[in-house]
Amino acid sequence: MHCDPRFARVREVFERHFADGEELGAAFAVYKDGELVVDLWDGIADRWTGRPWERDTPAFVYSCTKAVTAAVLLRLVEQGLVDVATPVAEVWPEFAAEGKGSVTVEHLLTHQAGLPVVEEEVPVEEFDDLPAIAARLAGQRPLWEPGTAHGYHALTYGFLIGEVVRRVTGRTVGELVAAEIAGPLELELWVGAPDDVIERTARLKAGERPRRAPGRAERSGMEIVESADRPQDAQPTGRPQDAQAADRPREARAADRPQDLLAEIQRAALDPASLMNRALGNPAMHRLKGGANHPVILRAGWPAAGLVTTARGLAGFYQGLLAGDVLRPETLRDALRPRVNGPDKVLYLATSFGLGFMLPSLTFTMPSKSAFGHSGMGGALGLGDPERGLAIGYVMNKMADALTGNLRGIRLVQAVYDSL
């Protein structure tokens, strides 16, 4: 392990998390002005076998993938192969169905397309058939008028953007990441992991389940995504009969007071008919034994939630962005210009996005307004800060409770900034 003396506070926080029993296995890496100043790892990669976490142990990091996928699409913009203002249907004609002819690539990148849910349940046989899942979305009607609001496209973001990439290049997001980003920069970063990487990937352990009232549904979508270490029975995830009631405007269901909003979020998390759960729960990883630990998921390379990486690889990706090795500086600057900000139709709390990158908000709490990046379900985190020359990656295998977030990553990031 390595930690520059200037960042001794970071190591203290990292070690305290293990001493307090908050971590099972984890890694944290920081680049400062292009120099790797923190490279820490510790703990257990697989609690069933006792396999230790090594320097090259990768982990599945859920939605941290979205930033990498955005970079792939923006590289195509730089090459003149597509424009963010282009209607999606120009490169994907079938997408124009059900009144979606004016939906642009930018709408996909900013969660404004109105397609946060795959309405029909995706069969397990399609989990590694990304074009088939994309075809389901192409035939759907948006849940709101595209461009008028935003709502987190937790899984559909990747199938939509991935299909645009495939239509333009004939290649998958994962193939382009390997050929144009991870390969040239020598990053431990895979959107769709090969078998040898899967063998050494950390096994995720589910977080604590939120308390639920008697008679509530057995499982919420958030728990489905987090229940990565438990075999689960299949549950229907298609749009229920009363979905319109579940999706009615938040303003009609909760007051503006924070405690009321929190109560509304908790109700949504426990309601299988809520837009939140339908967005998070289809395709349903829990239908495979071990959930996100299953080789089908690790190998499939879902472009919204399919990244397998080390902390050093994730931090290295953001260092590549800051250095101009992944995107041109002007492309990155434009991508970080806020496109949407405010209440999110899916997550309820305020979110803020540039072109595929999270910006500081209630759901991406950062010590710096110039930070950008993406978090992942359960607590993984990747970010860059061009003003401070920071690139950070945090991966772990003990999932956090989705309703309370992951203070471990936030504490580590704060310790980095406190060390500057």
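For reference, positions follow the sequence shown, starting with 1.
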Subject >> For Arg55, salt bridge (charged side-chain N to carboxylate O under 4.0 Å, His left out) partners two or more places apart >> reply: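 Testing Arg55 for salt bridge (charged side-chain N to carboxylate O under 4.0 Å, His left out), a comparison that skips the adjacent residues, returns Asp39.
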With distance as the sole test, does [X] use its side chain to make a donor-acceptor pair with the main-chain N or O of [Y] at under 3.5 Å?
{"X": "Glu78", "Y": "Arg328", "answer": "yes"}
{"X": "Arg203", "Y": "Thr201", "answer": "no"}
{"X": "Arg136", "Y": "Glu120", "answer": "no"}

Under 6.0 Å between ring centres, would you say that holds for [X] and [Y]?
{"X": "Phe18", "Y": "Phe14", "answer": "yes"}
{"X": "Tyr152", "Y": "Tyr157", "answer": "no"}
{"X": "Phe28", "Y": "Trp41", "answer": "no"}

Original post:
Between Pro116 and Leu275, is any pair of side-chain heavy atoms under 4.5 Å apart?
Top reply: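 In short, these two side chains touch, coming nearer than 4.5 Å.
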Original post:
Between Leu420 and Phe7, is any pair of side-chain heavy atoms under 4.5 Å apart?
Top reply: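 When only atoms from C-beta onward are counted, Phe7 and Leu420 do touch, with a gap below 4.5 Å.
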Original post:
With no hydrogens and no angle check, do the side chains of Lys66 and Ser63 hold a donor and an acceptor under 3.5 Å apart?
Top reply: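 A donor-acceptor contact under 3.5 Å links the two side chains.
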Original post:
Does the side chain of Thr110 pick up a donor-acceptor pair with the side chain of His150 at under 3.5 Å?
Top reply: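 No - no donor-acceptor pair under 3.5 Å links their side chains.
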**OP:** Check the surroundings of atom CD in Glu330: do more than 12 heavy atoms from other residues, nucleotides or ligands lie under 6.0 Å from it?
**Re:**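 More than 12 within 6.0 Å, yes.
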Original post:
What residue pairs, at least two apart or across chains, pass salt bridge (charged side-chain N to carboxylate O under 4.0 Å, His left out) with a residue in residues 190-201?
Top reply: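 Listed by first then second residue: Asp56-Arg200, Asp195-Arg299.
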**OP:** Kindly determine whether Phe372 and Tyr318 satisfy ring pair (Phe, Tyr, Trp, His ring centres under 6.0 Å), including the steps that lead there.
**Re:** CA-CA 9 Å; Phe372 71 97; Tyr318 284 94; 5.7 Å; yes
